[in-house]
**Q** 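Could you have a look at this structure, given as structure tokens, before my questions?
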Amino acid sequence: MPTASALSVAILMTVSACGGDVSGDAAESPTTATVAGVAIAKDAALHAALPEKIREAGVVRVATDVPYAPFEMFVTEGKPELTGLDYDLGQALGAKLGVKFAFTPQKFDGIVPAIQAGKFDAAMSAMTDNKERQAVVDFVDYSVSGSGIMVVKGNPAKITTLDDLCGKKAAVQAATNQLDLLQGHQATCKAAGKAEIDIQTFPKDSDAQLALRSDKVVAQVQTKPAAAWTAKTADQGNAFEVVDDPAAAGGYGASPNGIAVSKKLPELSDAIQKALQALIDDGTVTKIFDRYGVASIAVKEATKNAAVD
């Protein structure tokens, strides 16, 4: 039996797999690719600026936590082919830099340690750029978003804000910014004379979503783009809905999301930043984000280590 997230991926891919996927020469050569309908060619100067070992290998080893729609998803459940915003952006960056961005699934809480250990050069996994993580990796920021609350269709528990989660069970993925958000809100619950949120942590987003579908929790807290995409696609939009708090239109604690890069490879983070800016300037980034319905979270300038915490 596939998980709830797997079911949503199966549905959404009937839409996203039929146009705009990486194509052209990308499978044979990293020097050119078509992503979201845009032909992208290698920039020789950016390629030359890459670390020598990356140029020689022709590969940037990228960790990602799959599935986490719309950022990273399996095209077909049970098969390794990937899709999603981060994957498409990675292929565009790879084509611009003249190397392959090779994505490998990795549990989210193990991504940063794996980069530190040298198993990966970088990570693209909707990762929040924060100062704690900056101590061990560098970030090239490509989007800004906050956390959202997803509930089952009809919102039977009448959740409208974070305050409504006080005294109730809420699901969240372990080692995420969303977990920090809920833990930080406990003091607010206490100050209002309410019980603390009963935080239920799960190793994967799909596990948290299954808990919500099974009525084991009243809500799931995740990035707002991921929540919106899941609500739109799961069971043809009939399984979940997103709570829209007017006081946090873009999500709670909106902050930059970045490509995490090993601190041992400063030339790589510099090259990625320049390649990303080039893709912003020529409109490629907007087209990639548009494909997943989240153009509003794309940055206009590729920043580095822009954490707001």
Side-chain angles (χ1 to χ4, degrees), residues 5 63-72 84-86 106-116 122-150 159 161-163 165 170-189 196-209 211-212 217 219-231 242-245 247-261 294 296-299 303-309:
S5 183
T64 192
D65 179 32
V66 191
Y68 196 73
F71 296 96
E72 31 271 332
L85 189 155
D86 282 340
Q106 169 77 40
K107 284 188 177 180
F108 191 85
D109 56 3
I111 287 178
V112 171
I115 292 175
Q116 290 179 274
M124 296 183 70
S125 199
M127 185 176 288
T128 301
D129 175 358
N130 62 37
K131 292 180 181 177
E132 180 180 359
R133 289 172 178 153
Q134 283 180 17
V136 290
V137 296
D138 286 319
F139 284 96
V140 177
D141 302 303
Y142 62 97
S143 67
V144 178
S145 63
S147 302
I149 302 173
M150 187 170 73
I159 305 298
T161 69
L162 278 177
D163 292 339
L165 296 180
V172 69
Q173 185 177 4
T176 61
N177 195 50
Q178 288 69 48
L179 175 58
D180 293 342
L181 174 71
L182 291 184
Q183 290 174 334
H185 202 72
Q186 301 291 39
T188 301
C189 292
E196 291 188 344
I197 302 168
D198 187 348
I199 303 171
Q200 305 287 307
T201 60
F202 297 87
K204 296 186 75 65
D205 173 70
S206 53
D207 297 329
Q209 188 183 130
L212 177 59
V217 296
Q220 178 186 355
V221 179
Q222 55 186 158
T223 66
K224 195 163 186 182
W229 180 258
T230 300
V242 176
V243 172
D244 285 315
D245 183 348
Y252 299 102
S255 58
N257 301 312
I259 302 166
V261 183
V294 291
S296 63
I297 71 170
V299 299
T303 55
K304 231 174 156 183
N305 295 327
V308 295
D309 66 350

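Just so it is clear, the model here is predicted, and its values are computed rather than measured. Quick note: numbers below take in every heavy atom, side chains included, and nothing from hydrogens, waters or symmetry partners.
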**Q** Check Phe139 against Thr128 and note the closest heavy-atom contact, atom names and distance.
**A** CZ-O, 3.8 Å
**Q** Got a salt bridge between Asp244 and Lys224, using NZ or NE/NH1/NH2 to carboxylate O under 4.0 Å?
**A** yes
**Q** So, using side chain to side chain contact (heavy atoms under 4.5 Å, CB included) as the criterion, who are the partners of Asp163 when residues are at least two apart?
**A** Thr161, His185, Thr188, Lys194
**Q** Does Lys204 reach the side chain of Pro67, with side-chain heavy atoms less than 4.5 Å apart?
**A** yes
**Q** So, the side chain of Thr64 versus the backbone of Met124: is there a donor-acceptor pair under 3.5 Å, distance only?
**A** yes
**Q** Going by side chain to side chain contact (heavy atoms under 4.5 Å, CB included), name the residues that satisfy it together with Ala227, two or more places apart in sequence or in a different chain.
**A** Met150, Gln222, Val242
**Q** Kindly compute the distance separating OG1 (Thr223) from CH2 (Trp229), expressed to the nearest 0.5 Å.
**A** 13.0 Å
**Q** State, to 0.1 Å, how close Val308 and Ala254 come at their nearest heavy-atom pair, and which atoms those are.
**A** CG2-O, 4.0 Å
**Q** Between the side chains of Asp207 and Gln173, does any donor sit under 3.5 Å from an acceptor?
**A** no
**Q** Ignoring hydrogens, what is the shortest heavy-atom contact between Phe202 and Ala211? Give both atom names and the distance.
**A** CZ-CB, 3.5 Å
**Q** Evaluate side-chain contact (heavy atoms from CB on, under 4.5 Å) for Val137 paired with Val261, printing each intermediate quantity in order.
**A** CA-CA 6 Å; Val137 296; Val261 183; over 6 Å; no
**Q** Under the side-chain contact (heavy atoms from CB on, under 4.5 Å) criterion, do Thr230 and Gln220 qualify, and how do the steps go?
**A** CA-CA 11 Å; Thr230 300; Gln220 178 186 355; over 6 Å; no
**Q** Applying salt bridge (charged side-chain N to carboxylate O under 4.0 Å, His left out) as the test, list every pair that has at least one member in residues 134-146; sequence neighbours left out.
**A** Asp138-Lys263
**Q** Tell me which donor-acceptor pairs under 3.5 Å the side chains of residues 177-184 have, and how far apart each pair is, sequence neighbours excluded?
**A**
residue: Gln178; atom: NE2; partner: Ser147; partner atom: OG; Å: 2.9

**Q** Under the rule for side-chain hydrogen bond (donor to acceptor under 3.5 Å, both in side chains), what residues qualify as partners of Asp129, not counting sequence neighbours?
**A** Gln134
**Q** Output the distance between atom CG (Asp309) and atom CD (Glu132), rounded to the nearest 0.5 Å.
**A** 8.5 Å
**Q** Show the nearest heavy-atom pair for residues Pro113 and Asp109, with the distance to one decimal.
**A** CD-O, 3.8 Å
**Q** Among side-chain atoms of Asn257 and Ser145, is any donor-acceptor pair under 3.5 angstrom?
**A** yes
**Q** Considering all heavy atoms of both residues, which atom of Tyr68 and which atom of Asp205 are nearest to each other, and what is their separation?
**A** CD1-CB, 3.4 Å
**Q** Do the non-hydrogen side-chain atoms of Val221 and Tyr252 ever get within less than 4.5 Å of each other?
**A** no
**Q** Look at the side chain of Ser125 and the backbone N and O of Asp65, then say whether any donor-acceptor pair between them is shorter than 3.5 Å.
**A** yes
**Q** Taking only residues two or more places apart in sequence, or in another chain, which ones meet Ala123 in a side chain to side chain contact (heavy atoms under 4.5 Å, CB included)?
**A** Ala63, Ile111, Ile115, Ala260
**Q** Shortest non-hydrogen contact from Pro225 to Val294?
**A** CB-CG1, 3.8 Å
**Q** Is there side-chain contact between Met127 and Ile259, with heavy atoms separated by less than 4.5 Å?
**A** no
